[in-house]
Participant: 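Got a structure here, written out as structure tokens. Questions coming.
What you see below is based on every heavy atom in this structure, not just the backbone, and it leaves out hydrogens, waters and symmetry mates.
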Amino acid sequence: MAETLGLNGVVRLSDTGTTLTASHEMLHVTSFSLSETSETVDTTSMGAPGNARKIIATFKGFNGSVEGYWDKDDPAIGHDASPTAPVVQAGDKIDFEFYPNTATNSGNAIYSGSAIVSDITRSQSFDGVTEYSITFDGTGALTYSVTP
């Protein structure tokens with residue numbers, strides 16, 4: 001069995017239409033999640049063989065989140081030249097790439113797609129660091145590939 005150490009994950013994030021490169025890697029990521037979904041329709045009719053339901057898949061989708069330690073100088077999510085405007089805001093359309101195991105080793109999985117940011121939470125306490133959580137809903141298809 002070839003387990004993947006979570007410590008080596010990488011997240012790239014940017015405005016839609018930007019070619020994602022190493023310069024778009026988010027700093028201080030502590031976790032990310034990606035959930036694939038499919039709506040279903042029950043097409044069972046009277047007299048179904050064995051009284052078994054028949055379900056078919058319809059629309060596919062995905063959603064996810066990224067969590068980490070907030071850094072105002074993070075080029076992917078921090079603040080740009082204006083000290084009051086975060087780079088990523090709720091409602092923004094983004095492109096992302098999730099690498100479960102580094103972005104540089106050949107043959108590693110890449111999950112990528114476009115999404116709408118549905119929620120951004122920033123939190124801090126007197127005895128900790130400022131943290132963030134970005135939640136998104138996919139738009140279009142989720143893509144799978146491997147690093148060249």
Participant: Look up atom CD in Glu67 and atom OG in Ser31, then write down how far apart they are to the nearest 0.5 Å.
Facilitator: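 Rounded to the nearest 0.5 Å, the CD-OG separation comes to 3.5 Å.
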
Participant: Show your reasoning for whether side-chain contact (heavy atoms from CB on, under 4.5 Å) applies to Ile134 and Met26.
Facilitator: CA-CA 12 Å; Ile134 299 172; Met26 297 177 71; 4.2 Å; yes

Participant: Quick one, Thr143 and Glu97 - any side-chain contact, counting heavy atoms below 4.5 Å?
Facilitator: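 The answer is no; the side chains never approach within 4.5 Å.
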
Participant: Has Thr135 got a side-chain atom pairing as donor or acceptor with Ser118's backbone, closer than 3.5 angstrom?
Facilitator: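 Such a contact is absent between Thr135 side chain and Ser118 backbone.
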
Participant: Can you tell if the side chain of Leu142 reaches within under 4.5 Å of the side chain of Glu36, non-hydrogen atoms only?
Facilitator: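 Contact flag for Leu142/Glu36 side chains = yes.
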
Participant: Give, for atom CZ of Arg12 and atom OG of Ser112, the distance between the pair rounded to the nearest 0.5 Å.
Facilitator: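 If I round to the nearest 0.5 Å, the distance is 11.0 Å.
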
Participant: Do the ring planes of Tyr111 and Tyr144 sit parallel (below 30°), tilted (30 to 60°) or perpendicular (above 60°)?
Facilitator: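 Taking Tyr144 first and then Tyr111, their aromatic rings stand perpendicular (interplane angle over 60°).
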
Participant: Would you call Asn63 and Thr37 a side-chain contact if the rule is heavy atoms closer than 4.5 Å?
Facilitator: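 Yes, close enough: below the 4.5 Å cut-off.
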
Participant: Give, for atom OG1 of Thr44 and atom CD1 of Ile55, the distance between the pair rounded to the nearest 0.5 Å.
Facilitator: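 Reported value, rounded in 0.5 Å steps: 5.0 Å.
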
Participant: Hydrophobic clustering (ILVMFWY, side-chain heavy atoms < 4.5 Å, transitive) - are Val11 and Trp70 grouped together?
Facilitator: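 Trp70 and Val11: one cluster.
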
Participant: Does Asp92 use its side chain to pair, donor to acceptor, with the backbone of Gln89 at less than 3.5 Å?
Facilitator: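 Yes, because the side chain of Asp92 sits within donor-acceptor range (under 3.5 Å) of the backbone of Gln89.
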
Participant: Keeping the roles fixed (side chain from Ser133, backbone from Thr121), state whether a donor-acceptor pair exists under 3.5 Å.
Facilitator: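 Absent.
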
Participant: In this structure, would Tyr99 and Leu27 fall into the same cluster of hydrophobic residues linked by side-chain contacts under 4.5 Å?
Facilitator: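 No, it is not one cluster - the side chains of Tyr99 and Leu27 are not joined through contacts under 4.5 Å.
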
Participant: Identify the heavy atoms of Pro100 and Ala109 that sit nearest to each other, and give their distance.
Facilitator: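 Minimum heavy-atom separation between Pro100 and Ala109: CD-O, 3.4 Å.
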
Participant: Is the closest side-chain heavy-atom distance between Ile94 and Val117 below 4.5 Å?
Facilitator: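 A side-chain contact under 4.5 Å exists here.
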
Participant: Can you tell me if Ser35 uses its side chain to pair, donor with acceptor, with the backbone of Phe62 under 3.5 Å?
Facilitator: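 Not a single qualifying donor-acceptor pair exists.
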
Participant: Which distance, rounded to the nearest 0.5 Å, do you find between the CZ of Phe136 and the CD1 of Ile120?
Facilitator: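 If I round to the nearest 0.5 Å, the distance is 12.0 Å.
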
Participant: Would you check if Thr147 and Ile110 make a side-chain contact, meaning some heavy-atom pair closer than 4.5 Å?
Facilitator: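 A side-chain contact exists here, since the closest heavy-atom pair is under 4.5 Å.
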
Participant: Taking side chain as C-beta onward, heavy atoms only, is His24 less than 4.5 Å from Leu13?
Facilitator: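 A side-chain contact under 4.5 Å is absent here.
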
Participant: Do Thr40 and Phe59 make a side-chain contact, defined as non-hydrogen atoms from C-beta onward lying under 4.5 Å apart?
Facilitator: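 Result no, sub-4.5 Å side-chain heavy-atom pair not found.
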
Participant: Below 4.5 Å, heavy atoms only, C-beta onward: do Asp95 and Ser114 meet side chain to side chain?
Facilitator: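 Yes. Closest side-chain heavy atoms under 4.5 Å.
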
Participant: For residues Val88 and Leu20: do they belong to one hydrophobic cluster (side chain heavy atoms under 4.5 Å, members Ile, Leu, Val, Met, Phe, Trp, Tyr)?
Facilitator: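 Looking at the clustering, Leu20 is in a separate group from Val88.
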
Participant: Would you call Lys54 and Asp42 a salt bridge, using N to O less than 4.0 angstrom?
Facilitator: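 Looking at Lys54 and Asp42, the cut-off is not met.
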
Participant: Do you reckon Ile116 sits in the same ILVMFWY cluster as Val66, going by side-chain contacts under 4.5 Å, direct or chained?
Facilitator: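 As far as the 4.5 Å side-chain criterion goes, Val66 and Ile116 are not connected within one cluster.
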
Participant: Quick check on the hydrophobic clustering: are Tyr69 and Phe32 connected, directly or via other members, by side-chain heavy-atom contacts under 4.5 Å?
Facilitator: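 No.
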
